[in-house]
K.L.:
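After the structure tokens below, expect a handful of questions from me.
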Amino acid sequence: MGLLSIIRKIKRKEKEMRILMVGLDNSGKTTIVLRINGEDTSVISPTLGFNIKTIKYDKYILNIWDVGGQRTIRSYWRNYFEQTDGLVWVVDSSDVRRLEDCKMELDNLLKEERLSGASLLILANKQDIQGALTPNEIAKVLNLDAMDRTRHWKIVGCSAYTGEGLLEGFDWLVQDVASRIYILD
Amino acid sequence: MEEDQSKSRTKDIRDESLDPITEKKQAAMLERLSNLHQSRLQESISRKTDNSSPLESTKSFLDRFSEAKRSIQDELDRCRLVSDPESKGRLKSDLEQLSMSIAELEKLVSENSYFLPSYEIRSSLTSISELKERLENANSMLLPKKKFAFKNKAAKKDQNNATSTAETGASDSVSVDIKAPETILPEKLNIQIRDSPGFRNRVDAVLVKHFKSSGKGDFTLSDLKSCEVRLTGRLRAVFIHRLKSCRVFVGPVLGSILIEEVEDCLFMLASHQIRIHHARNTDFYLRVRSRPIVEDSSSVRFAPYHLSYEGLDKDLQDSGLDGDTGNWGNVDDFRWLRAVQSPNWSILPEDERVSIVKISSAETCSEDS
């Protein structure tokens with residue numbers, strides 16, 4: 001009984017992934033997480049600190065760390081880098097003015113050694129807004145093609161408001177992380 | 001007593017009966033062990049003869065080691081004294097080559113460590129770490145210039161089709177560094193041409209716009225001075241940037257409102273999320289589903305939404321903003337994470353609030369989009 005429960009516990013641990021959600025404030029990180037989890041998204045206050053959500057996805061358990069993006073608390077992002085399997089960078093596709101900021105923060109993040117092994121999913125959020133930039137345009141502005149060759153990355157257009165594109169993005173992320181970590185499956 | 005004896009007897013009998021089998025087993029085991037021992041002995045003898053005497057291989061190792069060490073030292077000295085520009089260009093690869101040779105030397109030591117006397121191992125490891133240190137010094141002495149050259153090259157590449165000022169900037173690193181971000185801009189500009197709709201760069205104007213009920217568009221107010229802005233109808237998102245001495249009245253916003261750098265203004269906004277950054281001396285009349293936040297702001301005051309135009313109630317309902325949640329006063333200050341009230345914001349006293357602001361329907365139709 002004792003041994004069995006230990007084995008079960010280890011087994012369960014093996015299937016866990018740690019996902020870190022970051023991005024500028026107002027990009028829609030919390031809304032995305034709640035939408036994926038099928039929760040009410042109509043009342044979401046700007047995140048002061050962070051939220052953790054544990055979501056069962058396929059046969060994996062995702063521990064999603066959703067960290068607030070206000071400028072004051074961006075310096076705390078580093079506290080969440082350790083052991084991150086998947087990195088989700090959320091962009092407000094309608095916020096053209098701050099794309100420069102967005103690029104700078106992303107570049108800083110990708111320099112981080114502790115995140116060097118993490119798969120990177122870029123969500124070009126708010127695609128439902130008229131005049132939002134397309135994922136291709138976002139990729140161009142963020143200069144994603146110049147990224148380190150060893151990085152696994154993908155950009156997906158989505159809308160946390162309609163839910164469109166979210167599953168496509170997370171399917172890729174989970175599969176990519178799984179193929180690196182659970183190669184034996 | 002008797003019982004005991006009988007027990008021991010039965011045991012004896014059993015032992016005897018088992019004897020032939022165990023004996024056989026023991027013999028087989030002994031034979032195997034001795035075989036193993038023999039082969040081991042032989043192996044060790046052959047290894048000794050193979051390597052000739054340990055003393056000699058130590059000597060040959062030391063010869064090889066000191067030769068490699070000397071060549072690395074010579075190379076290091078040469079790198080230090082390099083002055084002509086041509087070989088300076090090669091310096092980086094030379095230094096990399098050196099660090100590889102040192103790594104090889106280290107490998108040589110570890111490969112031979114099994115027969116080397118411990119003293120030799122220690123002394124060769126010390127000289128390797130000395131070499132590494134000298135290489136490090138050489139790197140730090142020579143590489144700052146390398147870094148600069150590298151940056152310079154990258155900037156030139158980007159500027160090839162833009163301007164040819166990189167050459168003049170090459171003389172001092174500062175100007176090159178400043179130019180580097182600019183070189184990325186031309187590429188960006190062709191995307192920024194597609195700016196979102198909005199009012200920009202206006203002074204002393206009354207800006208009015210009515211939005212159709214789809215509520216899918218976003219709108220930007222930026223760089224306005226002493227203006228009055230009236231936006232009626234439903235919107236998806238609003239961005240407000242650099243406003244001074246303005247009065248802004250906005251109908252319901254389904255998504256979020258982002259406000260940065262405003263001073264001496266009055267805002268009347270309804271939205272699901274409101275973020276306020278770098279605001280000074282400004283009053284906000286809000287209806288908001290979640291808690292509004294302020295960051296890097298001071299002297300901002302809050303009051304409930306007080307707008308009126310024909311069809312507002314329906315617009316509010318369609319945007320999920322009917323009914324006040326009272327959150328207009330639940331402000332989070334990201335610069336004041338304490339239990340006591342932040343000094344940066346306050347509730348606007350009732351007797352200082354503006355009365356209901358009415359936007360006539362004639363006005364809302366005048367500039368229908």
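In what follows, every heavy atom counts, from backbone to side chain, and hydrogens, waters and symmetry copies are set aside. A, B, ... follow the sequence lines: proteins, then strands. Residue 1 opens every chain.
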K.L.:
Is chain B contacted by the side chain of Asp92(A), its backbone, both, or neither, given a heavy-atom distance below 4.5 Å?
P.N.:
side chain
K.L.:
Flag the pair Leu258(B) / Asp95(A) as yes when at least one side-chain heavy-atom distance between them is below 4.5 Å, and no otherwise.
P.N.:
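In contact.
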K.L.:
For Arg280(B), look at atom CZ and say whether over 12 heavy atoms of other residues, nucleotides or ligands are found less than 6.0 Å away.
P.N.:
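Atom CZ in Arg280(B) is not packed in, count stays at 12 or less.
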K.L.:
Is it the case that atom CZ in Arg78(A) sees more than 12 heavy atoms from other parts of the structure closer than 6.0 Å?
P.N.:
no
K.L.:
If you take all heavy atoms of Ile129(A) and Gly217(B), which pair is closest and at what distance?
P.N.:
CG2-C, 4.4 Å
K.L.:
How long is the straight-line distance from CD of Glu260(B) back to CZ of Arg98(A), given to the nearest 0.5 Å?
P.N.:
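One finds 5.5 Å between CZ of Arg98(A) and CD of Glu260(B).
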K.L.:
Taking Gln273(B), His272(B), Arg335(B), His241(B) one by one, which has the highest count of heavy-atom pairs under 4.5 Å against chain A?
P.N.:
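Looking at each option in turn, the highest pair count goes to His241(B).
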K.L.:
Under the rule for side chain to side chain contact (heavy atoms under 4.5 Å, CB included), what residues qualify as partners of Lys314(B), not counting sequence neighbours?
P.N.:
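Partners of Lys314(B) by the side chain to side chain contact (heavy atoms under 4.5 Å, CB included) criterion, ordered by chain and then number, come out as Asp318(B).
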K.L.:
Under 4.0 Å between a Lys/Arg side-chain N and an Asp/Glu carboxylate O for Arg236(B) and Asp128(A)?
P.N.:
yes
K.L.:
With the side chain counted from C-beta on, respond yes when Tyr161(A) and Leu254(B) share a heavy-atom pair under 4.5 Å apart, and no when they do not.
P.N.:
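Yes, side chains in contact.
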K.L.:
Mind checking which of residues 33-46 of chain A sit less than 4.5 Å from chain B, heavy atom to heavy atom?
P.N.:
Ser42(A), Val43(A), Ile44(A), Ser45(A), Pro46(A)
K.L.:
For residues Asn26(A) and Ile257(B), determine if any side-chain heavy atom of one lies less than 4.5 Å from a side-chain heavy atom of the other.
P.N.:
no
K.L.:
We want to know whether His277(B) and Arg71(A) form a side-chain donor-acceptor pair, criterion being a heavy-atom distance below 3.5 angstrom.
P.N.:
no
K.L.:
Crowded around Arg202(B) CZ? As in, over 12 foreign heavy atoms under 6.0 Å?
P.N.:
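No.
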K.L.:
Are the side chain of Gln70(A) and the backbone of Phe334(B) linked by a donor-acceptor contact shorter than 3.5 Å?
P.N.:
no
K.L.:
Need one label for Asp332(B): side chain, backbone, both or neither, based on atoms under 4.5 Å from any heavy atom in chain A.
P.N.:
side chain
K.L.:
Would one find more than 12 heavy atoms of other residues, nucleotides or ligands at under 6.0 Å from atom CD of Glu112(A)?
P.N.:
yes
K.L.:
Is it the backbone or the side chain of Arg275(B) that comes under 4.5 Å from a heavy atom of chain A, or both, or neither?
P.N.:
side chain
